[in-house]
Participant: 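The structure is given below, and queries will be raised subsequently.
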There are 2 protein chains.
Amino acid sequence: MAGYDASKFERPSVTVDVILFTVKDDDLKVLLVKRNVDPFKDMWAIPGGFVKIDESLEDAAKRELLEETNVRDVYLEQLYTFGDPKRDPRTRVITAAYFALVNAEKFKLKASTDVKDVNWFSMFDLPELAFDHKKIVEYALKRLRWKMEYTTVAFSLLPEKFTLTQLQKIYEIILDKSLDKRNFRKKIKALELVKEVQEFQEEVAHRPARLYTKNKKIGEIVEIF
Amino acid sequence: MAGYDASKFERPSVTVDVILFTVKDDDLKVLLVKRNVDPFKDMWAIPGGFVKIDESLEDAAKRELLEETNVRDVYLEQLYTFGDPKRDPRTRVITAAYFALVNAEKFKLKASTDVKDVNWFSMFDLPELAFDHKKIVEYALKRLRWKMEYTTVAFSLLPEKFTLTQLQKIYEIILDKSLDKRNFRKKIKALELVKEVQEFQEEVAHRPARLYTKNKKIGEIVEIF
DNA sequence: CCAAAAGTGTTAGTGATACACCCATGT
DNA sequence: ACATGGGTGTATCACTAACACTTTTGG
């Protein structure tokens with residue numbers, strides 16, 4: 001922190017971008033918005049926007065997500081700040097990227113004024129993205145995979161009540177590898193991450209699975225080293 | 001990313017701050033600078049400063065470290081971006097904090113124009129710090145400890161040639177716990193992190209220890225999960 | 001010969017992996 | 001009765017943790 005008067009400096013703009021993941025239709029999906037303005041008009045991009053002068057970065061991330069996509073109440077954490085001077089062709093823009101997870105069945109997407117369209121895309125079949133958003137999304141995937149292995153973030157992708165098979169599938173889809181059912185259940189139970197509910201799946205053409213909820217103070221994210 | 005003209009917005013200032021750690025005199029030290037200007041004139045702070053309009057965040061971090069403290073060639077990674085609207089009393093300042101490690105014996109500290117004084121402080125006995133720097137330093141310590149357990153960052157705190165006891169001490173000081181010598185050496189050797197050198201310690205009043213170097217392509221940081 | 005740190009192996013316990021069959025339900 | 005996923009236990013392997021004595025050097 002130097003003895004400069006901040007106002008002497010030509011200032012970069014600051015944005016937040018939010019990489020929102022969900023698991024849906026047996027696939028890992030990212031939320032993208034279609035840009036309605038230049039630069040990169042009509043191209044898909046990560047939702048985001050400028051940080052207001054009196055809001056925190058996290059508040060900005062929540063606000064953008066709500067405004068552009070109608071999504072609220074997500075697991076949210078800061079991912080990384082991308083500040084390459086050339087990442088925006090117009091001017092210097094530094095972006096604090098956030099990383100978010102939701103259970104997709106809880107809201108309806110809707111577009112907004114700045115945005116022509118909003119949609120889920122398979123992480124493994126993305127369209128061309130605006131700015132350096134490809135790089136950002138790839139970085140987010142790395143972080144997501146890491147978090148899956150060492151924390152309980154997976155639970156934020158589930159509905160209130162879920163089966164152990166649903167939970168396991170989330171791990172399998174994101175980590176892109178199959179897991180042993182018995183070992184998986186053994187571990188989940190040993191860590192006491194879930195609590196039995198006195199209910200079972202309904203309307204399935206096979207033996208209905210027991211339902212579980214997250215156990216109390218996993219509330220949010222537990223490191224499971 | 002929204003359809004706004006960036007120039008319409010009141011822009012926050014962006015700084016980088018660098019938390020530089022070293023291990024010295026059997027203690028974990030942080031580099032602090034004494035501010036020569038308001039706000040917080042004469043108070044100790046993490047080195048840092050404004051990001052220039054055409055330099056990347058990482059370049060800014062390197063530049064500030066060199067300018068304010070004469071330190072170069074460090075291990076450097078982005079830590080977190082702090083953006084609370086009230087963290088700077090003057091105006092909105094968002095700071096991208098970087099986290100750095102050096103072997104302290106390789107350079108001479110020197111103060112600069114913006115800075116009255118530069119010095120190493122024990123991480124466990126810090127003076128009062130400017131801004132929200134206490135919080136930032138604590139966050140950096142958490143990250144450092146985490147990195148010690150799961151990566152090979154420790155090696156960036158060592159000189160070219162070192163003994164296994166020196167290496168072990170670094171772990172012990174930072175993690176603040178003692179480790180078993182035999183198990184420690186077994187693990188380091190099993191992971192092939194070090195290479196024997198045909199030299200020994202000199203001028204010590206006991207059996208001289210064998211010297212080692214970092215093994216080839218640990219070059220930088222290896223995750224040791 | 002004393003002080004100081006260097007160096008070295010074995011055992012027990014814990015957690016991870018591999019693996020196959022019966023069960024409950026709907027059609 | 002059959003198809004579909006649900007549900008369960010044991011044995012092996014790998015890694016971690018605990019632990020004590022001998023060696024080499026300088027003073």
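Naming: A, B, ... by sequence-line order, numbering from 1 per chain. Values below: every heavy atom of this structure, side chains too, minus hydrogens, waters and symmetry copies.
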Participant: Quick one: B/Leu191 CG to D/dA14 C1', roughly how many Å, whole number?
Facilitator: 14 Å

Participant: Can you tell which of D/dG5, D/dT16, D/dT25 lies closest to the side chain of B/Pro208?
Facilitator: D/dT25

Participant: Assess whether atom NZ of A/Lys189 is packed by more than 12 heavy atoms of other residues, nucleotides or ligands within 6.0 Å.
Facilitator: yes

Participant: Within the structure shown, what part of the strands sits under 4.0 Å from A/Thr165 by heavy-atom distance: base, sugar-phosphate, or nothing?
Facilitator: sugar-phosphate

Participant: Classify the nucleic acid contact of A/Lys169 as base, sugar-phosphate or nothing, counting any heavy atom under 4.0 Å across all strands shown.
Facilitator: nothing

Participant: For B/Lys116, does the NZ atom have more than 12 heavy-atom neighbours from other residues, nucleotides or ligands under 6.0 Å away?
Facilitator: yes

Participant: Does A/Lys186 make a side-chain donor-acceptor contact with the base of D/dT10, cut-off 3.5 Å?
Facilitator: yes

Participant: Between A/Lys181 and A/Ala205, who's closer to the 5' end of DNA chain D by nearest nucleotide?
Facilitator: A/Ala205

Participant: Find the distance A/Glu202:CD to C/dT25:P and express it as a whole number of Å.
Facilitator: 12 Å

Participant: Nearest-nucleotide wise, let me know which of B/Leu211 and A/Val204 is further upstream toward the 5' end of DNA chain C.
Facilitator: B/Leu211

Participant: Quickly work out the B/Arg182 CZ to C/dA5 P distance and round it to whole Å.
Facilitator: 18 Å

Participant: If we only count heavy atoms from C-beta on, is the B/Tyr80 to B/Phe99 side-chain gap below 4.5 Å?
Facilitator: no

Participant: CZ of B/Phe184 versus P of C/dG7: gap in Å, rounded?
Facilitator: 13 Å

Participant: Calculate the interatomic distance between B/Gln168 atom CD and C/dT8 atom C1'; express it in whole Å.
Facilitator: 14 Å

Participant: Under 4.0 Å between a side-chain N or O of B/Arg207 and OP1 or OP2 of D/dG26?
Facilitator: no

Participant: When the distance from CG of B/Leu164 to P of C/dA6 is rounded to whole Å, what number comes out?
Facilitator: 9 Å

Participant: How long is the line joining CD of A/Gln166 and P of D/dG5, in whole Å?
Facilitator: 14 Å

Participant: Looking at B/Arg185, I'd like to know whether one of its side-chain N or O atoms comes within less than 4.0 Å of OP1 or OP2 on C/dG7.
Facilitator: yes

Participant: Does A/Asn183 CG have over 12 foreign heavy atoms under 6.0 Å away?
Facilitator: yes

Participant: Pick the closest DNA chain C nucleotide for B/Asp180 and for B/Thr163 by heavy atoms, then say which residue is nearer the 5' end.
Facilitator: B/Thr163

Participant: Rounded to the Å, how far apart are B/Gln201 CD and D/dT25 P?
Facilitator: 12 Å

Participant: Looking at every strand, decide which applies to B/Arg210 at a 4.0 Å heavy-atom threshold: base, sugar-phosphate, or nothing.
Facilitator: sugar-phosphate

Participant: Would you call B/Glu149 and B/Arg145 a salt bridge, taking side-chain N to carboxylate O under 4.0 Å as the test?
Facilitator: no

Participant: Would you indicate which nucleotide in C/dT8, D/dG6, D/dA18 comes nearest to any side-chain atom of B/Asn183?
Facilitator: D/dA18

